[in-house]
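Report on the structure given below.
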Amino acid sequence: MGGFTVPKYRYPAQFAGGERELLGRIEELLLRGGYVLGEEVAAFEERLAAYLGAARTIGVNSGTDALILTLDALGVGPGDEVVTVANSFHATAQAIARRGATPVYVDCREDDFLMDLDRLPDALTERTRALILVHMFGKAADVPRALRLAHDAGVTLVEDCAQAIGARSHGVRVGTASAAGCWSFAPSKNLAAAGDAGAISVQDAGLAERLRLLRHFGQPRQNEHEILGYNSRLDTLQALILLHKLDRLDTWNGRRAELAATYRERLGHLPLRFQRPGEDGEHVYHLFQVRTESETVRDGLLAHLIASGVDAVVRYPVPLPHQPALAGPAAGRHPCPVAEELARQTLCLPIRPDLSAAEIGHVCDAVAGWFGAEAA
Ligand SMILES: Cc1ncc(COP(=O)(O)O)c(C=O)c1O
């Protein structure tokens, strides 16, 4: 295998071909000023809304803040329960706990690793204020069904879209049919800033107005503070970078889908399972999850891949109800055996639009080699 390595991320590759133009714009912005809520922020918000098919979007400084501000704007606080899935990235639950509300966890499904909506009704109580549906690893959850269940229970649906920009549920882009879609543009994401950045997509003008106030100190005009807010604005510089990349996003997501198909084809004969992709366009492959038969196999394969120069990683090794800061009083209310198995059995193979044929070949050979086989 020699010294060949396959890194998880190679951020600068995203600028290939366009860096001169972008650097020129950055230089122009640096010399012009307007760093806070400059014109590029409004331009990006508009372009993002058009891309998603959302009524409006509000740029904020991270995906975590998108969730916190959304829950705040919806009035979620102490005494409330917010239902979410047990196998998300920790920020989903951090936002709930940060608002002083109680996270209530629902297990995920065996086949697509997303919230098991059959189990959702059991988790809803008279204290439930919101449901945060997470489109994990880039795969769209069933938004219409979640909306119906939330509506029947009188609960607000929020989508954590951090990993799934561009994905569609039943043909509609995620983050556009619920009260709010929360987006992250952190550097690892399919649409990535050069640092922290996020947004919220909303349909309701009143909710959007409240979110705009919240992100900017609750300040409609200078020296007027109507409500208690945050300092959570999307930087003009990040908006400029995101504007530059947004046009390329669908091409990159298409490339991710091709790479995922290659993994499935070349590794399909091995004792591995993959996240069910769903209909065309439902999965944008932020991460490519591979499920092994046991923790021993997963750990052995992981160690072998790392020794072979493949930057494989476990996302996520600890289910949220087991995290001390995120457990809350309802952590043990509903057992989450599937989330626990996924935490023990899965790992992610590198997937990024610039992954070369040699790189994916190396990863497939390394995976197959560990099982004493050859890649198909
Ligand atoms: C599912 C999920 N939710 C929320 C976040 C938080 O986003 P950020 O890192 O921009 O705060 C992330 C990613 O980082 C995520 O993957």
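What you see below is based on every heavy atom in this structure, not just the backbone, and it leaves out hydrogens, waters and symmetry mates. Just so you know, ligand 1 is whichever comes first in the structure, and atom 1 is the first atom listed for that ligand. Just so it is clear, the structure is predicted and the values come from calculations on it, not from any experiment.
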List below, pair by pair, the N or O atoms of ligand 1 and of the protein that are less than 3.5 Å apart, including the distance to 0.1 Å; reply 'none' if no pair qualifies.
residue, atom, partner, partner atom, Å
ligand 1, 3 (N), Asp160, OD1, 3.2
ligand 1, 3 (N), Asp160, OD2, 2.7
ligand 1, 7 (O), Ser184, OG, 3.3
ligand 1, 10 (O), Gly63, N, 2.8
ligand 1, 10 (O), Ser184, OG, 2.7
ligand 1, 11 (O), Gly63, N, 3.3
ligand 1, 11 (O), Thr64, N, 2.8
ligand 1, 11 (O), Thr64, OG1, 2.5
ligand 1, 14 (O), Lys189, NZ, 2.8
ligand 1, 16 (O), Gln163, NE2, 2.9

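Taking a cutoff of 4.0 Å between a charged side-chain nitrogen and a carboxylate oxygen, Glu341 and Arg291 qualify as a salt bridge. Salt bridge present: Glu81 and Arg333 bring a charged side-chain N and a carboxylate O closer than 4.0 Å. Remark: Arg119 engages Asp116 in a salt bridge, criterion side-chain N to carboxylate O under 4.0 Å.
If you chain together hydrophobic residues whose side chains sit under 4.5 Å apart, Val338 and Leu287 fall into the same group.
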Could you go through Val134 and Phe89, starting from their C-alpha distance and side-chain angles, then the distance that decides it, and tell me whether this counts as side chain to side chain contact (heavy atoms under 4.5 Å, CB included)? CA-CA 9 Å; Val134 191; Phe89 180 67; over 6 Å; no

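Only one option out of Arg168, Lys139, Arg276, His170 pairs with Glu282 in a side chain to side chain donor-acceptor pair (under 3.5 Å); it is Lys139.
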